[in-house]
Amino acid sequence: MADKRKHSRVVVDGVERAPSRAMLRAVGFEDADFARPQVGIASTWSNLTPCNLHIDALARTAAAAVDASGGKSLIFNTITVSDGISMGTPGMRYSLVSREVIADSIETVMAAEGFDGLLAIGGCDKNMPGCVMAIARLDRPAVFVYGGTIRPGACRRDIVSVFEAVGAHAGGRIGDEELAEVEKTAIPGPGSCGGMYTANTMASAIEALGLSLPNSSAQEAVSPNKAADCQRAGEAVCRLLEADIRPSKILTREAYENAITMVIALGGSTNAVLHLLAMAAAGGVELSLDDFTRIGKRVPVLADLKPSGRFLMSELIEIGGIRPLMKTLLDAGLLHGNCLTVTGQTLAEDLADVAPYPEGQEIVRPLNDPIRKDSHLVILYGNLAPDGAVAKISGKEGERFTGTARVYDAEEAALEAILDGTVQAGDVVVIRYEGPKGGPGMREMLSPTSALIGRGLGDSVALITDGRFSGGSHGFVVGHVAPEAAAGGPLALVADGDTITIDAMERTISLELSDTGIAERRTAHTPPPLETRGVLGKYARLVGSASNGACTDV
């Protein structure tokens, strides 16, 4: 029989642990509680962003379910930051950094307090992979719960509608009054951004991994279903303790292949590449950029979801969420059905009774009529990205782009040039020194990409960066260029007027400059200094390449 109290008994059993018990009595422990397995409830609640506004209530619901199922719950918090609020500002440098802080803080509390199991609840996109990284490191029975998606705003608006309205305003396509109306109606309440942006992408990937309960990723934040999901999760983590089912039994290489498959089929965010690599590394699972290419050759894009598609997550929920799509992919041999999940069953067993989507729905296409026959996440290599780059190519932008470089050493300068009309059709906007080390923090370029869309340049201007993109970005965009400029990557050597070609069919990204020319520019180049102080300085010293997940502990 599994020792459900393997970790907590070290903290509370025996005469010598009386001081520990005394402290715990002050926070509500009674005699019987010391004999129960302790389950940490990691809450990412805060009232600084709608993504996490409601998570305190969800945490209390999950804690009550743990207590009713024979465990002893203890709720603790970790941080979150808001990408949507900090986007386009220096504060956005802390977004990816927060993923590491979250993982470190959950690991710290769990290990220091000797908790036996973990139930983590995340909403905004960085705290979700941060939770999973901690789960993988700790390898104690665990369940992840997604906080849920936001409901659509007026006229089916969402946060990306506001960013794109800024570009439309700059281009004279809308006035002050309409911009204000979009701003005031796009975000109606709690929940994560409403398209297949990074939060909903990662929630779906984590469900496909088997680390959250069936349908956990496809629920609105304020729905009764989400509260019921937390109730079931509290019960599930106690069953996992009883059966000694640990994350290492669930988070296998095949499970990560399932997650990649779902991200592709849903048309998900490029951030999934970065986060899945980091999550796998945290558990010692081998995963690389080339796995995305290999799997992408056989998995089609089937879901017509924003940002490049028409529909929102709430509309996908109405027709059954992601489970019917998972069943379709399983039946086609595109998912590994033998993978274990937090239900204690295999993925195939979990999906056995799932019904297909209703007739006539237009959100998810059949396998024989895909939106795109292979992956929209295209891994590119070339003399601009020897270690790889990640493009998001829906097919609507075309498959090949050749243009003239306009080079900017920071996001703000590029955004100003887009909004004031400096950037024209046929340009390739290059934004560098925004990588993990150079930013530091690898900011998301939602403001520039949305401005391009808003100004009507989404199909006539490309954008490449060693930073990354929000899940809400679309257009001909390439991010995660590695090595990054601050680490000596060729992106640092691009000059205004250079010709750059991006070829999604050949999977290449090339600067039309000879090896000799590149070498001459390298000799004359002096990179700017890295950040040295505070959390950003620490991050810049520790962080690895985006092509390996931008990890700080591997």
Side-chain angles (χ1 to χ4, degrees), residues 96 198 260 263-264 268-278 287-297 374-394 397-403 405-408 411 414 428-439 441-446 448-449 461-471 473-494 498-513 518 543-551:
L96 188 58
T198 305
I260 293 171
V263 169
I264 294 169
S269 167
T270 54
N271 278 320
V273 178
L274 194 74
H275 294 326
L276 289 172
L277 290 172
L287 199 69
S288 74
L289 283 177
D290 293 338
D291 290 315
F292 288 82
T293 298
R294 174 177 56 83
I295 294 168
K297 289 179 179 179
D374 56 5
S375 179
H376 65 301
L377 299 176
V378 182
I379 309 303
L380 307 173
Y381 292 96
N383 66 353
L384 261 184
D387 293 344
V390 181
K392 186 178 185 180
I393 308 294
S394 71
E397 311 86 355
E399 301 283 355
R400 194 175 190 275
F401 193 102
T402 296
R406 287 190 185 270
V407 183
Y408 303 95
E411 176 189 0
V428 178
V429 176
V430 176
I431 307 178
R432 62 191 179 191
Y433 299 111
E434 292 285 7
K437 289 183 180 295
M442 207 178 179
R443 287 195 288 180
E444 292 180 342
M445 302 295 141
L446 180 57
T449 59
V461 170
L463 190 153
I464 66 175
T465 179
D466 50 8
R468 59 196 174 92
F469 296 107
S470 163
S473 292
H474 57 116
F476 216 114
V477 297
V478 181
H480 308 203
V481 173
E484 61 176 290
L491 200 66
L493 310 177
V494 181
D498 285 347
T499 299
I500 293 173
T501 297
I502 305 160
D503 192 326
M505 297 298 290
E506 296 296 325
R507 298 187 173 90
T508 58
I509 179 167
S510 304
L511 174 65
E512 292 191 17
L513 185 65
I518 290 174
V543 71
S545 170
S547 290
N548 295 320
C551 301

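Contact check for Leu511 versus Pro490: no side-chain heavy atoms found under the 4.5 Å cut-off. Two residues are said to be in side-chain contact when any heavy atoms from C-beta on lie closer than 4.5 Å; Ile393 and Phe401 fail this criterion. Residues Thr501 and Thr508 are not in side-chain contact: their nearest non-hydrogen atoms beyond the backbone lie 4.5 Å or more apart. By the 4.5 Å heavy-atom criterion applied to side chains, Leu377 and Thr270 are counted as neighbours. By the 4.5 Å heavy-atom criterion applied to side chains, Val543 and Leu96 are not counted as neighbours. Counting heavy atoms from C-beta on, the side chains of Ser545 and Pro483 never come closer than 4.5 Å. Leu289 is listed as a side-chain neighbour of Tyr381, based on a closest heavy-atom distance under 4.5 Å. A heavy-atom distance below 4.5 Å is not found between the side chains of Ile379 and Arg507.
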For this session: Please report the C-alpha distance between Leu491 and Leu384 in whole Å, then the side-chain angles of each, then the deciding distance to 0.1 Å, and finally whether the side chain to side chain contact (heavy atoms under 4.5 Å, CB included) criterion is met.
Result: CA-CA 6 Å; Leu491 200 66; Leu384 261 184; 4.1 Å; yes
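Judged by distance alone, the side chain of Ser547 and the main-chain N or O of Asp387 form a donor-acceptor pair under 3.5 Å. In this structure a side-chain-to-backbone donor-acceptor pair under 3.5 Å is missing from Arg432 to Ala485. Looking at Glu434, its side chain does come within 3.5 Å of a backbone N or O of Glu411 through a donor-acceptor pair. Of the possible polar contacts, one joining the His376 side chain to the Gly268 backbone as a donor-acceptor pair under 3.5 Å is found. No side-chain donor-acceptor contact under 3.5 Å links Asn271 to the backbone of Ser470. In this structure, the side chain of Thr465 engages the main chain of Ile431 through a donor-acceptor pair within 3.5 Å.
The shortest heavy-atom contact between Leu380 and Ala504 is CD2-CA, 4.4 Å. Here the closest heavy-atom approach between residue Leu513 and residue Asn383 is recorded as O-ND2, 3.8 Å. Summarising the geometry of Ala405 relative to Val494, their closest heavy-atom pair is CB-CG1, 3.9 Å, with the distance given to 0.1 Å. Taking all atoms of both residues into account, the shortest heavy-atom contact from Ala492 to Tyr433 is CB-OH, 3.5 Å. Closest approach of Ala546 to Pro436, counting heavy atoms only: N-CG, 4.2 Å. Heavy-atom minimum distance, Gly549 versus Leu277: CA-CB, 3.8 Å.
Residues satisfying the salt bridge (charged side-chain N to carboxylate O under 4.0 Å, His left out) test with Arg468, not counting sequence neighbours, are Glu444.
A salt bridge links Asp503 with Arg400; the closest basic N to acidic carboxylate O contact falls under 4.0 Å.
To the nearest 0.5 Å, the span separating CG on Leu276 from CG on Leu287 amounts to 7.0 Å. Here Asp466 contributes atom CG and Met445 contributes atom CE; the two are 8.0 Å apart, rounded to the nearest 0.5 Å.
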